[in-house]
Amino acid sequence: VQFVESGGGLVQAGGSLRLSCAASGRMFSSYAMGWFRQAPGKEREFVAAVAGSGGTNTVYADSVKGRFTISRDNAKNTVYLQMNSLKPEDTAVYYCAAGRTTSRIPREYDYWGQGTQVTVSS
(Lines give C-alpha, C1' and ligand atoms only; values in the text may rest on other atoms or scores of the structure.)
Protein backbone atom coordinates (compact mmCIF):
# COMPACT_ATOMS: atom_id res chain seq x y z
CA VAL A 1 0.00 0.00 0.00
CA GLN A 2 1.32 3.44 -0.92
CA PHE A 3 -0.04 6.86 -0.09
CA VAL A 4 -0.06 10.34 -1.60
CA GLU A 5 -0.81 13.06 0.93
CA SER A 6 -1.97 16.56 0.09
CA GLY A 7 -3.64 19.60 1.61
CA GLY A 8 -0.94 20.91 3.90
CA GLY A 9 0.16 24.52 3.92
CA LEU A 10 0.38 27.76 5.85
CA VAL A 11 -2.68 29.07 7.66
CA GLN A 12 -3.35 31.65 10.34
CA ALA A 13 -4.48 30.64 13.80
CA GLY A 14 -8.20 29.97 13.84
CA GLY A 15 -8.19 28.86 10.24
CA SER A 16 -8.91 25.49 8.64
CA LEU A 17 -7.19 22.95 6.43
CA ARG A 18 -8.25 19.62 4.99
CA LEU A 19 -5.64 16.93 4.54
CA SER A 20 -6.14 14.06 2.10
CA CYS A 21 -4.34 10.75 1.86
CA ALA A 22 -4.99 8.73 -1.29
CA ALA A 23 -4.00 5.07 -1.23
CA SER A 24 -2.97 2.82 -4.06
CA GLY A 25 -3.59 -0.89 -4.09
CA ARG A 26 -6.53 -2.99 -3.12
CA MET A 27 -7.86 -3.87 0.30
CA PHE A 28 -7.90 -0.24 1.47
CA SER A 29 -11.13 -0.84 3.38
CA SER A 30 -9.53 -3.66 5.33
CA TYR A 31 -7.14 -1.24 7.04
CA ALA A 32 -7.72 1.13 9.88
CA MET A 33 -6.28 4.52 8.96
CA GLY A 34 -4.56 6.93 11.28
CA TRP A 35 -3.14 10.42 11.20
CA PHE A 36 -0.02 11.25 13.18
CA ARG A 37 2.08 14.38 13.42
CA GLN A 38 5.64 15.23 14.28
CA ALA A 39 6.95 18.65 15.23
CA PRO A 40 10.67 19.49 15.13
CA GLY A 41 12.50 17.94 18.05
CA LYS A 42 9.46 15.99 19.20
CA GLU A 43 8.30 12.42 18.90
CA ARG A 44 5.64 11.40 16.45
CA GLU A 45 2.25 11.67 18.12
CA PHE A 46 -1.19 10.27 17.46
CA VAL A 47 -3.86 12.60 16.10
CA ALA A 48 -6.83 10.51 14.99
CA ALA A 49 -7.80 7.13 13.59
CA VAL A 50 -10.77 5.57 11.82
CA ALA A 51 -11.70 1.93 11.42
CA GLY A 52 -11.83 0.26 8.02
CA SER A 53 -15.59 0.52 7.92
CA GLY A 54 -15.45 4.25 8.64
CA GLY A 55 -18.49 5.88 10.13
CA THR A 56 -18.39 6.76 13.81
CA ASN A 57 -15.71 4.22 14.69
CA THR A 58 -13.11 6.91 15.29
CA VAL A 59 -10.54 7.81 17.93
CA TYR A 60 -9.04 11.23 18.65
CA ALA A 61 -6.21 12.65 20.70
CA ASP A 62 -7.51 14.89 23.46
CA SER A 63 -5.59 17.82 22.01
CA VAL A 64 -7.61 17.78 18.77
CA LYS A 65 -10.99 16.47 19.93
CA GLY A 66 -13.76 18.81 18.86
CA ARG A 67 -11.55 20.59 16.32
CA PHE A 68 -10.41 17.83 13.95
CA THR A 69 -12.53 15.27 12.12
CA ILE A 70 -11.23 12.12 10.45
CA SER A 71 -13.24 10.45 7.71
CA ARG A 72 -12.72 8.07 4.83
CA ASP A 73 -14.19 7.30 1.45
CA ASN A 74 -13.45 3.67 0.64
CA ALA A 75 -14.77 4.05 -2.89
CA LYS A 76 -12.01 6.61 -3.50
CA ASN A 77 -9.37 4.87 -1.35
CA THR A 78 -8.93 8.14 0.53
CA VAL A 79 -8.83 9.23 4.15
CA TYR A 80 -9.30 12.85 5.20
CA LEU A 81 -8.46 15.01 8.18
CA GLN A 82 -10.54 18.17 8.48
CA MET A 83 -8.76 20.56 10.81
CA ASN A 84 -10.63 23.56 12.21
CA SER A 85 -9.75 26.20 14.79
CA LEU A 86 -6.07 25.58 14.15
CA LYS A 87 -3.53 26.66 16.73
CA PRO A 88 0.21 27.37 16.41
CA GLU A 89 0.88 24.22 18.44
CA ASP A 90 -0.72 22.18 15.64
CA THR A 91 2.29 23.03 13.46
CA ALA A 92 3.94 19.75 12.39
CA VAL A 93 4.46 17.33 9.56
CA TYR A 94 1.30 15.23 9.31
CA TYR A 95 1.46 11.58 8.26
CA CYS A 96 -1.25 9.12 7.32
CA ALA A 97 -0.76 5.46 8.13
CA ALA A 98 -2.50 2.12 7.66
CA GLY A 99 -2.77 -0.52 10.34
CA ARG A 100 -4.86 -3.36 11.71
CA THR A 101 -6.61 -1.39 14.46
CA THR A 102 -7.31 2.19 15.45
CA SER A 103 -4.24 2.22 17.66
CA ARG A 104 -2.63 5.33 19.14
CA ILE A 105 0.81 3.70 18.87
CA PRO A 106 2.85 4.48 15.75
CA ARG A 107 4.70 1.15 15.65
CA GLU A 108 1.40 -0.69 15.27
CA TYR A 109 0.90 0.83 11.82
CA ASP A 110 2.36 -0.98 8.82
CA TYR A 111 2.34 1.59 6.01
CA TRP A 112 3.09 5.30 6.08
CA GLY A 113 2.68 8.28 3.80
CA GLN A 114 5.50 10.73 3.07
CA GLY A 115 4.07 13.49 5.23
CA THR A 116 2.70 16.95 4.53
CA GLN A 117 3.71 20.13 6.33
CA VAL A 118 1.12 22.12 8.26
CA THR A 119 2.20 25.50 9.60
CA VAL A 120 -0.09 27.63 11.75
CA SER A 121 0.97 31.23 12.29
CA SER A 122 -0.06 33.25 15.33
Side-chain angles (χ1 to χ4, degrees):
V1 180
Q2 294 182 321
F3 303 108
V4 176
E5 299 176 10
S6 61
L10 174 65
V11 64
Q12 288 187 334
S16 298
L17 283 174
R18 188 194 196 202
L19 305 183
S20 299
C21 172
S24 63
R26 297 179 290 179
M27 307 298 289
F28 175 74
S29 61
S30 68
Y31 289 99
M33 293 297 298
W35 285 97
F36 291 79
R37 65 187 182 187
Q38 189 166 17
K42 295 187 177 182
E43 294 186 352
R44 191 166 297 189
E45 67 170 353
F46 172 78
V47 175
V50 59
S53 59
T56 59
N57 196 345
T58 56
V59 183
Y60 293 93
D62 288 344
S63 59
V64 306
K65 198 173 296 183
R67 299 188 297 123
F68 291 10
T69 302
I70 188 171
S71 61
R72 65 190 296 161
D73 185 338
N74 287 339
K76 295 182 179 180
N77 278 14
T78 302
V79 62
Y80 305 97
L81 185 68
Q82 178 67 43
M83 305 185 294
N84 299 329
S85 301
L86 282 161
K87 304 175 181 180
E89 51 263 45
D90 294 318
T91 295
V93 177
Y94 283 70
Y95 300 88
C96 63
R100 299 297 177 183
T101 67
T102 52
S103 173
R104 298 171 182 264
I105 303 172
R107 67 174 181 270
E108 295 189 357
Y109 286 77
D110 301 315
Y111 304 100
W112 290 82
Q114 81 285 358
T116 185
Q117 177 70 46
V118 171
T119 303
V120 185
S121 63
S122 57

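Atom set for the values below is all heavy atoms of this structure, side chains included, hydrogens, waters and symmetry mates excluded. No experiment lies behind these values; they were computed from the predicted model shown.
- Residue F3 is grouped with residue Y31 when hydrophobic side chains (ILVMFWY) are merged at heavy-atom distances under 4.5 angstrom, including chains of intermediate members.
- Looking at L86 and F68, their side chains come closer than 4.5 Å, going by heavy atoms from C-beta outward.
- In the hydrophobic cluster analysis, where Ile, Leu, Val, Met, Phe, Trp and Tyr join through side-chain heavy atoms closer than 4.5 angstrom, V50 is grouped together with Y111.
- Heavy-atom minimum distance, S122 versus P88: CB-CG, 3.8 Å.
- Here the straight-line distance linking atom OG of S6 with atom CD of Q114 works out to 9.0 Å at 0.5 Å rounding.
- Under a hydrophobic-cluster definition in which Ile, Leu, Val, Met, Phe, Trp and Tyr are linked whenever side-chain heavy atoms come within less than 4.5 Å, directly or via other members, L19 and Y80 are assigned to different clusters.
- A 4.5 Å side-chain heavy-atom check between V1 and F28 finds every atom pair outside the cut-off.
- Counting heavy atoms of neighbouring residues, nucleotides and ligands inside a 6.0 Å radius, atom CD of Q2 does not exceed 12 of them.
- Transitive grouping of hydrophobic side chains (ILVMFWY, heavy atoms separated by less than 4.5 Å) keeps W35 and Y109 in distinct clusters.
- Partners of Y94 according to the side-chain hydrogen bond (donor to acceptor under 3.5 Å, both in side chains) rule, which considers only residues two or more places apart in sequence or in another chain, are R37.
- Residues V47 and V64 share a closest heavy-atom pair of O-CG2, 3.5 Å.
- Side-chain atoms of Y60 come within 3.5 Å of backbone atoms of I70 as a donor-acceptor pair (strictly under, hydrogens ignored).
- A pairwise comparison of heavy atoms in C96 and E5 identifies N-OE2, 2.8 Å as the closest pair.
- Residues M83 and V11 have side chains not in contact (no heavy-atom distance under 4.5 Å, counting atoms from C-beta outward).
- Rounded to the nearest 0.5 angstrom, F46 CZ and D62 CG are separated by 10.0 Å.
- Shortest non-hydrogen contact noted between A48 and L81 is CB-CD1, 4.3 Å.
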Criterion side-chain hydrogen bond (donor to acceptor under 3.5 Å, both in side chains) on S103 and E108, from CA distance to verdict: CA-CA 7 Å; S103 173; E108 295 189 357; 2.7 Å; yes
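- Side-chain contact between F36 and W112: present, with at least one pair of heavy atoms (C-beta onward) separated by less than 4.5 Å.
- In terms of heavy-atom proximity, R72 sits nearest to S29 at NH2-CA, 3.8 Å.
- When all heavy atoms of Q117 and T91 are compared, the pair lying nearest together is NE2-CG2, 4.0 Å.
- Judged by distance alone, with hydrogens and angles left aside, the side-chain atoms of N74 form no donor-acceptor pair with the main-chain N or O of S53 at under 3.5 Å.
- Within the 3.5 Å criterion, the main-chain N or O of V93 finds no donor-acceptor partner in the side chain of Q38.
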